[in-house]
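The structure appears below as structure tokens.
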Amino acid sequence: MTASEALQAPAQTRPVRVRIAPSPTGDPHVGTAYIALFNYVFARQHGGKFVLRIEDTDQTRARRDSEQMIFDALHWVGLEWDEGPDVGGPYGPYRQSERGAIYAEHTQILLDKGEAYRCFCTSERLAELRAQQQAEKKSHGYDRHCRSLDNADVARRMAAGEASVVRLKAPTEGSIVVRDRLRGDVVIDHAQVDDQVLLKSDGMPTYHLANVVDDHLMHISHVIRAEEWISSTPKHVLLYKAFGWEEPAWYHMPLLRNSDKSKISKRKNPVSINYYRDAGILAPALLNFLALMGWSFGEDREKFTLAEMIPVFNLDRIALGGPVFNLDKLTWLNEKYIHDMSDDQLVDALLGWRLRRDYLKQLAPLIRQRIKKLDEFIPATDFFFAGDLDYSTVFDQFVIPDVLPADVAKGLLAFVERFEARETWSHEMLHDEAKAWTDELGWKSKHSFILLRLIATGRKASPGLFETMAVLGKEVLRRRVRRAAELIASGGKAK
RNA sequence: GACCCCAUCGUCCAGCCGGCCUAGGACACCUGCCUUUCACGCAGGCGACGCGGGUUCGAAUCCCGCUGGGGUCGCCA
């Protein structure tokens, strides 16, 4: 079947219910806003519901503050959800970590139906298996070592307290069809689908199980998600079949890209929604820009609001090529939005941005002793408000004595890695990391700290370096250090 | 490496159930106009159907192959 035939397939009669399911493992990602946008618009267009579900089943990576940041970021862009952990709804809880009993129950159903089995293989054995498959250049996948264990054996090992997971008993012959409504049918040999882990040894479900169970229980009618999921969709279809449930309609959106076409990543692009907010991008402009990534309004129109998009939205108009996220165009669109604001709207936007009371209040202790008159405040603090800084007058000071520029650049990136790895964000943490980092590189702090100061503030004299960095925030600091590193590595030629 | 997806200007999109396409719009870049400056605005320029085979009177549009790019291959999502 071709894509156009798939699109002509009988329309779903179920009420429209869509969702986004971010994982709270870091900063709120533009990719989340991107997918949320299309789900939101689709729901609104069809009078359906837009659900927010938090996928926090990875105990080792979930972060407490991350969930709240996701809420805040989605509120900021203006994509309001109808059901979610904070607002409730008829199919809660909407946080996967609170749905343990549901997953346990459904795992048991599959076990009872003979659609799943216990597996006692250790991660060591699996790692070895993978290494061996890699060495033999064979395709990867679990070898079904535990698939034929008999019940008595399983019971005995369970009783002995041996750790185990539950795996899906996937068919070994034939093929499965994934009906992607954007591309047509994708046929996958069952041989390509291995016996996926459904329940981890800590009792938590994997993404595959939790996702399918929740989408079904939450009556999700259309799954609009990123293309990176398309390879695991056969597993999900198999799960729907194993449970005997009706599948949702699948739509896999193209992936946002870095300028080298790889999947968008924080190493090559600012990916946090908070960065764009702090750098002075307006929420409607961000949404408008995101809508342009893979979709077109029609009639060559590029500037439009969310409300204007809803009635004309059409999934048929999704372009499947991976769109490169281009800051220049975002900035241009943002400019249009600013030009079209009234005086009051502009003032309000400014006051809601970094001219907010709580942000200015963070500046007060840093600047009080450094100004003699109020009129010195703005010139003394400009770098607290700017996004990217102009380094042209200080670039020649971006040096560490006796260190090659390429190594200075590399060293700076190592500093970014250090503060990225920390969960806390404070001037104490930044100070500790900067010191340890300087020592590790064998640099002198009188050199490395002035370099950081120049990069963070664009000047040699500023309030306390680490206090300043802390106020600037992780997103802006990361961007400035990365940009400076690029500049140094390229001899000042990068833009 | 295996599997899957994708393929129009540097970038984002339009066109793609074949002819109206000497391929349209936008960003970026360049030039000029406007202007006391800068910016805005306006006008113009540069610039693409990846390659090779088919099918057809006719292909950017349909088919096949190749090439290229991307994604996935975890007790992460």
Side-chain angles (χ1 to χ4, degrees), chain A residues 2-5 8 21-26 29 31-32 54-62 96 119-127 129-130 133-142 163-167 175 178 180 182-184 186-189 191-194 196-211 225-235 252 254-264 289-303 317-333 335-336 338-339 495:
Chain A
T2 66
S4 64
E5 283 167 330
Q8 283 156 19
S23 192
T25 52
H29 201 280
T32 303
I54 296 292
E55 308 224 328
D56 55 350
T57 56
D58 186 347
Q59 313 258 271
T60 61
R61 293 204 316 158
Q96 290 187 331
C119 168
F120 297 90
C121 292
T122 61
S123 355
E124 291 72 39
R125 190 184 103 78
L126 296 175
L129 179 66
R130 263 192 295 278
Q133 285 166 335
Q134 192 114 38
E136 292 173 15
K137 299 197 169 177
K138 291 210 295 216
S139 62
H140 301 187
Y142 179 56
S164 68
V165 301
V166 175
R167 286 181 184 273
S175 59
V178 173
D180 182 279
L182 261 19
R183 314 151 211 266
V186 180
V187 182
I188 313 280
D189 278 354
Q192 297 301 325
V193 186
D194 72 348
Q196 193 58 39
V197 172
L198 302 177
L199 201 69
K200 303 183 242 184
S201 55
D202 66 358
M204 280 296 209
T206 58
Y207 171 82
H208 306 292
L209 203 234
N211 192 267
R225 68 200 335 180
E227 187 179 358
E228 58 187 320
W229 296 112
I230 203 166
S231 322
S232 41
T233 308
K235 293 165 189 164
H252 290 92
L255 241 27
L256 259 19
R257 312 293 182 100
N258 298 311
S259 50
D260 65 2
K261 298 278 190 180
S262 56
K263 178 165 83 166
I264 196 166
F289 174 70
L290 255 13
L292 256 16
M293 301 275 89
W295 185 75
S296 52
F297 192 93
E299 292 164 3
D300 293 329
R301 181 154 171 206
E302 298 203 290
K303 181 170 181 278
R317 290 187 72 85
I318 300 289
L320 266 11
V324 172
F325 195 95
N326 180 237
L327 276 316
D328 282 338
K329 187 131 186 185
L330 206 208
T331 304
W332 166 80
L333 243 194
E335 176 187 32
K336 294 287 173 209
I338 288 179
H339 291 348
K495 60 174 292 212

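Every heavy atom of this structure was used, including side-chain atoms; hydrogens, water molecules and symmetry mates were not. Chain letters run A, B, ... following the sequence lines, proteins first and then strands; every chain starts at 1.
- If A:R257 and A:H208 are placed on RNA chain B by their nearest nucleotide, the residue sitting closer to the 5' end is A:R257.
- Within 4.0 Å of A:G298, counting heavy atoms only, lies no atom of the nucleic acid at all.
- Of the two residues near RNA chain B, A:M293 and A:S23, the one whose nearest nucleotide lies more 5' is A:M293.
- No contact: A:L333 has no heavy atom under 4.0 Å from any strand.
- The residue A:R125 sits apart from the nucleic acid: no heavy atom pair falls under 4.0 Å.
- Taking the C1' atom of each, B:rC6 and B:rG18 are spaced 23 Å apart, rounded to whole Å.
- The P atoms of B:rG71 and B:rC57 are separated by 43 Å, rounded to the nearest whole Å.
- Nucleotides B:rU37 and B:rG50 place their C1' atoms 47 Å apart, quoted to the nearest Å.
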Could you list the protein-to-nucleotides 5-9 of chain B atom pairs, N/O on both sides, closer than 3.5 Å?
residue, atom, partner, partner atom, Å
B:rC5, O2', A:R183, NH1, 2.8
B:rC5, O2', A:E227, OE2, 2.8

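- Counting non-hydrogen atoms under 4.0 angstrom, A:C119 reaches nothing in the nucleic acid.
- Side-chain nitrogen and oxygen atoms of A:K329 include none within less than 4.0 Å of the OP1 or OP2 phosphate oxygen of B:rC29.
- Using a 4.0 Å cut-off, some side-chain N or O of A:K263 falls inside it from OP1 or OP2 of B:rU72.
- Rounded to whole Å, the P atom of B:rG44 lies 32 Å from the corresponding atom of B:rA7.
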Dot-bracket notation for RNA chain B is requested: 5' to 3', Watson-Crick or G-U wobble pairs only, both distances under 3.5 Å, with ( ), [ ], | and . as defined.
(((((((..((((.....[....)))).(((((.......)))))....(((((..]....))))))))))))....
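- Among the heavy atoms of the strands, none lies under 4.0 Å from A:R301.
- Contact annotation for A:W295: no contact, since no heavy-atom pair falls under 4.0 Å across all strands.
- The nucleotide whose nearest atom lies closest to any side-chain atom of A:K261 is, among B:rG69, B:rU72, B:rA26, B:rG69.
- At a threshold of 4.0 angstrom between heavy atoms, the contacts of A:E302 include nucleobase atoms, whether or not backbone atoms are also involved.
- Of the side-chain N and O atoms in A:K200, one or more sit less than 4.0 angstrom from OP1 or OP2 of B:rC76.
- The C1' atoms of B:rG53 and B:rC76 are separated by 45 Å, rounded to the nearest whole Å.
- A distance-only check finds a donor-acceptor pair linking the side chain of A:T331 to the backbone of A:L327 [under 3.5 Å].
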Step by step, work out the side chain to side chain contact (heavy atoms under 4.5 Å, CB included) result for A:N211 and A:R225.
CA-CA 12 Å; A:N211 192 267; A:R225 68 200 335 180; 3.7 Å; yes
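- Contact annotation for A:E335: backbone-only contact, meaning every heavy-atom pair under 4.0 Å involves sugar-phosphate atoms and none involves a base.
- Note on A:T25: every side-chain N or O is 4.0 Å or more away from OP1 and OP2 of B:rA77.
- When the nucleotides B:rC4, B:rC13, B:rC75 are ranked by their closest atom to the side chain of A:S123, B:rC75 comes out on top.
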So which protein N/O to nucleotides 43-47 of chain B N/O distances come out below 3.5 Å?
none

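- Spacing of C1' atoms, B:rG25 relative to B:rG45, comes out at 16 Å, to the nearest Å.
- Contact check, A:K235 against B:rC3: no side-chain N or O comes under 4.0 Å of OP1 or OP2.
- B:rG58 sits 34 Å from B:rG70 when the C1' atoms are compared, rounded to a whole Å.
- Evaluation of the side-chain contact (heavy atoms from CB on, under 4.5 Å) rule for A:K263 yields A:E228, A:L255 as partners, not counting sequence neighbours.
- As judged by a 4.0 angstrom heavy-atom cut-off over every strand, A:T57 is placed among residues touching the sugar-phosphate backbone only.
- Residue contacts shown for A:S201 include a base, since a base heavy atom lies under 4.0 Å away.
- Take A:V197 and apply the side-chain contact (heavy atoms from CB on, under 4.5 Å) test, not counting sequence neighbours, and it matches A:V165, A:R167, A:T206.
- Every residue two or more places apart in sequence or in another chain was checked for a salt bridge (charged side-chain N to carboxylate O under 4.0 Å, His left out) with A:R317, and none qualifies.
- Below 30°, between 30° and 60°, or above 60°: for A:F325 and A:F289 the angle between ring planes is above 60°, a perpendicular geometry.
- Using a 4.0 Å heavy-atom cutoff across all strands shown, A:K303 reaches no nucleic acid atom at all.
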